[in-house]
Amino acid sequence: MATSSSSRLVRAVGRSLFSGLCNNADGLMRSAHEMMCNHLFLQQQRTFIQMRTSLKVVDNSGAKRVACIQALKGKKGARLGDTIVCSVKEAQPGGKVKKGEVHYGVVVRAAMPRGRCDGSEIKFDDNAVVLINKHGDPIGTRVFGPVPHELRKKKHSKILSLAEHLA
């Protein structure tokens with residue numbers, strides 16, 4: 001009787017040690033998986049500018065923030081230099097544009113990386129737009145911040161001439 005109870009005790013202890021090792025290994029695997037997921041979460045995936053994307057306005061037209069209604073080129077969304085239809089969400093008092101108005105805009109800064117001909121990539125920290133009228137002329141008279149020279153290919157040379165810095 002004593003041998004059977006001691007063998008049960010050894011089996012129970014053996015199981016608990018083995019399960020402890022397995023749980024520890026699972027814990028290591030789980031923590032590595034959690035760290036990888038957290039890293040991917042912190043490194044946010046940058047995508048196209050699509051419907052309801054909030055953009056900063058970088059000209060002196062009077063608008064502060066706009067929301068994209070529609071990208072005029074491509075199914076997925078707009079990239080650097082593309083034209084969008086946007087609605088003014090925040091505006092300065094006494095500006096040329098008012099809150100709630102619908103305007104065209106050219107994307108001058110995008111957080112999504114874009115490759116250049118020389119092999120380098122350009123991406124910005126924020127999404128920014130310059131408001132234009134139906135004919136393609138900017139509403140404002142100044143453009144703040146860096147503007148990429150890729151806009152020249154897209155026939156937006158007027159925006160480039162108003163810009164402070166070229167990127």
*Asks:* Going by heavy atoms in the side chains, are Lys76 and Gln50 under 4.5 Å from each other?
*Replies:*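 Of all side-chain heavy-atom pairs linking Gln50 with Lys76, none is under 4.5 Å.
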
*Asks:* Heavy atoms only: give me the nearest Gly62-Val97 pair and the separation to one decimal.
*Replies:*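 Reported closest heavy-atom pair: C-CG2, 4.0 Å.
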
*Asks:* Decide side-chain contact (heavy atoms from CB on, under 4.5 Å) for Val57 and Leu131; before the verdict, give the C-alpha distance in whole Å, the side-chain angles of both, and the deciding distance to 0.1 Å.
*Replies:* CA-CA 7 Å; Val57 180; Leu131 297 181; 4.2 Å; yes

*Asks:* Can you list the steps and then say if Lys96 with Thr141 is a side-chain contact (heavy atoms from CB on, under 4.5 Å)?
*Replies:* CA-CA 11 Å; Lys96 294 178 186 175; Thr141 57; 4.0 Å; yes

*Asks:* On a heavy-atom basis, which atom in Gly145 and which in Arg109 lie closest, and how many Å separate them?
*Replies:*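 Closest heavy-atom pair between Gly145 and Arg109: CA-NH1, 3.7 Å.
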
*Asks:* Could you state the interatomic distance from CZ (Phe124) to CZ (Arg114), rounded to the nearest 0.5 Å?
*Replies:*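 Between atom CZ of Phe124 and atom CZ of Arg114 there are 11.5 Å.
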
*Asks:* For Ile122 versus Glu150, what's the shortest heavy-atom pair and its separation?
*Replies:*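 Reported closest heavy-atom pair: CG2-OE2, 4.3 Å.
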
*Asks:* Please report the interatomic distance CZ(Arg52) to SG(Cys68), rounded to the nearest 0.5 Å.
*Replies:*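 Taking CZ in Arg52 and SG in Cys68, the distance rounds to 11.5 Å.
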
*Asks:* Check Leu160 against Pro148 and note the closest heavy-atom contact, atom names and distance.
*Replies:*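 Looks like CD2-O, 3.6 Å.
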
*Asks:* Looking only at heavy atoms, what is the nearest atom pair of Phe144 and Glu164, with distance?
*Replies:*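 Residues Phe144 and Glu164, closest heavy atoms: CD2-OE2, 3.7 Å.
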
*Asks:* Shared ILVMFWY cluster between Val107 and Val102, side chains joined below 4.5 angstrom?
*Replies:*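 No; tracing contacts between hydrophobic side chains, which count when under 4.5 Å, never links both residues.
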
*Asks:* Nearest 0.5 Å please: distance from the CD1 atom of Ile139 over to the CG atom of Asn133.
*Replies:*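 Taking CD1 in Ile139 and CG in Asn133, the distance rounds to 6.0 Å.
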
*Asks:* Heavy atoms, side chains only, cut-off 4.5 Å: are Arg142 and Asn60 in contact?
*Replies:*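 Yes, their side chains come closer than 4.5 Å.
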
*Asks:* Looking at every non-hydrogen atom in both residues, tell me the closest pair between Leu162 and Gly140 and how far apart they are.
*Replies:*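 Nearest heavy atoms, Leu162 then Gly140: CD1-O, 3.9 Å.
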
*Asks:* Following the transitive rule for hydrophobic clusters with a side-chain heavy-atom cut-off under 4.5 Å over Ile, Leu, Val, Met, Phe, Trp and Tyr, establish whether Val129 and Ile49 coincide in one cluster.
*Replies:*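 Per the 4.5 Å side-chain linkage, Val129 and Ile49 are co-clustered.
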
*Asks:* Between Arg152 and Ser157, is there a side-chain donor-acceptor contact under 3.5 Å, judged purely by atom types and distance?
*Replies:*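 No, no side-chain donor-acceptor contact under 3.5 Å.
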
*Asks:* Are Val66 and Leu72 connected in the hydrophobic side-chain network, where two residues link if heavy atoms are under 4.5 Å apart?
*Replies:*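 Different clusters: Val66 never reaches Leu72 through Ile, Leu, Val, Met, Phe, Trp or Tyr contacts under 4.5 Å.
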
*Asks:* Atom CE of Met112 and atom CZ of Phe48: how far apart are they, to the nearest 0.5 Å?
*Replies:*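 Going from the CE atom of Met112 to the CZ atom of Phe48 covers 4.0 Å.
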
*Asks:* Quick one: hydrophobic cluster around Met51, which other residues, with the 4.5 Å side-chain cut-off, linked directly or via members?
*Replies:*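 Via sub-4.5 Å side-chain contacts, Met51 links to none.
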
*Asks:* Does the Asp59 side chain pair with the main chain of Val143, one donor and one acceptor, at a distance under 3.5 Å?
*Replies:*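 Checked: no pair found.
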
*Asks:* Kindly list each side-chain donor-acceptor pair under 3.5 angstrom involving residues 80-95, sequence neighbours excluded, with atom names and distances?
*Replies:*
| unit_1 | atom_1 | unit_2 | atom_2 | d |
| --- | --- | --- | --- | --- |
| Asp82 | OD1 | Lys154 | NZ | 3.0 |
| Asp82 | OD2 | Arg79 | N | 2.9 |

*Asks:* Measuring from Ser161:OG to Leu166:CG, what's the distance to the nearest 0.5 Å?
*Replies:*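 Ser161 OG to Leu166 CG: 10.0 Å, rounded to 0.5 Å.
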
*Asks:* Heavy atoms, side chains only, cut-off 4.5 Å: are Val108 and Val58 in contact?
*Replies:*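 Yes, side chains in contact.
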
*Asks:* Would you check if the side chain of Asn127 reaches a backbone N or O of Leu55 as a donor-acceptor pair within less than 3.5 Å?
*Replies:*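 Checking the backbone N and O of Leu55 against the side chain of Asn127, no donor-acceptor pair under 3.5 Å is found.
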
*Asks:* Could you check whether any side-chain heavy atom of His149 comes within less than 4.5 Å of a side-chain heavy atom of Arg116, counting everything from C-beta outward?
*Replies:*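 Yes. Closest side-chain heavy atoms under 4.5 Å.
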
*Asks:* Could you give the distance from NZ (Lys158) to NE2 (His135), rounded to the nearest 0.5 Å?
*Replies:*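 Result: 14.0 Å between the selected atoms.
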
